[in-house]
Amino acid sequence: VTALVWVNGRRQRRTERGVSPLDRGFTLGDGVFETLRLYAGAAFRLEAHLRRLARGASVLGLEVPASLGPDIARAVAAATREGVGDAALRVTLTRGIGAPGLAPPAVAHPTLVVAIHSLDAPTPWPERAITARIVSVRRNEHSPLSSCKTLAFTDSVVALAEARAAGAEDAILLDAAGHVSEGSASNVFVVSDDTLVTPPESCGILPGITRAAVLDVAASRGIAIEVRALEPEELLLAREVFLTSTLREITPVVRVDGTRIASGEPGPVTAACAEGFARLRG
Ligand code: PMP
């Protein structure tokens, strides 16, 4: 894996030390991030990612440095020059160095890291299909932070570990009210009757950019869509279940909690969404 890294706009050599150990991103998770895809060197839905980053930063009361756009453009251009094609680009923005305690410094000097990792060719369809488990960790739909991609990701880390320990490949989290929320780092879709259903933002989800793209694809193909709260039992009874995320695109789920979903094969609506998404990303 090739990793190209910039800290506050400066290219970081592989052996160099980067961010301060006193950085609040490291000590408190006080920051936000975005992961986006470069397909053949072009960023997919960059504007949507920047909007989500800005919204999360505003919830945290963090200012987005004006250098963000140019820093990303420079990093993408360098990656292209260095022959990186398909890649993940991660932007991490923190409140920078802080004193002990929680109170932010009077004048924040944010830390901005742009890192590009080259990616292997995606797993061919339908070998992407996975198993999932509904875990005990919950999303808090009452917290404004659930809809932000903050650096505090340990709920998801522990959720994934719980699923893996139970022999499943990914975790599905419920919200505090017991409705289906999302995957550990993905959004959930089910096909119930002939309708594509995905939980709304009021169920504590991160509003995924792949989720929005899939909703666009489904609408353009005349697939019926409902954005509504889902009971966990509806997952088990669904015709199809799939997860969406920037890194894993459309991933069919063929077992939940050990129960086979329909025939146990990825279904036609999932395939249509994946095909439509592949066209969108070019
Ligand atoms: N939910 C969570 C918690 C995530 O971390 C991600 C990955 N960013 C998603 C959903 C999917 O969002 P996106 O499609 O924008 O990658």
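One-based numbering, in listed order, for ligands and for the atoms of each.
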Please answer whether the main-chain N or O of [Y] pairs with a side-chain N or O of [X] as donor and acceptor at a distance below 3.5 Å.
X      : Y      : answer
Thr131 : Glu169 : yes
Arg139 : Val180 : no
Asp193 : Thr195 : no
Asp71  : Asn8   : no
Arg90  : Ala115 : no

Enumerate the atoms of ligand 1 whose separation from the nearest heavy atom of [X] is less than 4.0 angstrom.
X      : result
Phe153 : 5 (O)
Thr246 : 13 (P), 14 (O), 15 (O), 16 (O)
Gly208 : 12 (O), 13 (P), 14 (O), 15 (O)

For [atom], what's the nearest protein heavy-atom neighbour? Residue, atom name and distance, please.
atom                    : value
atom 1 (N) of ligand 1  : Glu182 OE1, 2.7 Å
atom 8 (N) of ligand 1  : Lys149 NZ, 2.8 Å
atom 14 (O) of ligand 1 : Thr210 OG1, 2.6 Å

Original post:
Would Val214 and Tyr39 show up in the same hydrophobic cluster when neighbours are defined by side-chain heavy atoms closer than 4.5 Å?
Top reply: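 Same cluster: Val214 reaches Tyr39 through Ile, Leu, Val, Met, Phe, Trp or Tyr contacts under 4.5 Å.
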**OP:** Compare every heavy atom of Thr251 with every heavy atom of Arg128, then report the nearest pair and how far apart it is.
**Re:** O-CG2, 3.5 Å
Report yes if some N/O of [X] lies less than 3.5 Å from some N/O of ligand 1; otherwise report no.
X      : answer
Arg211 : no
Ile209 : yes
Arg139 : no
His49  : no

**OP:** For Glu63, look at atom CD and say whether over 12 heavy atoms of other residues, nucleotides or ligands are found less than 6.0 Å away.
**Re:** no
Do any heavy atoms of [X] fall under 4.0 Å from ligand 1?
X      : answer
Ser156 : no
Asn187 : yes
Glu34  : no
Ser184 : yes

Subject >> side-chain hydrogen bond (donor to acceptor under 3.5 Å, both in side chains), paired with Thr270, selected from Glu265, Glu240, Arg239 >> reply: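 The option that passes is Glu240.
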Original post:
Taking the six-membered ring for Trp, are Phe277 and Phe44 parallel (under 30°), tilted (30 to 60°) or perpendicular (over 60°)?
Top reply: perpendicular
Original post:
Out of Ala212, Ala213, Ser146, Ser186, who gets a non-hydrogen atom closest to atom 10 (C) of ligand 1?
Top reply: Ser186
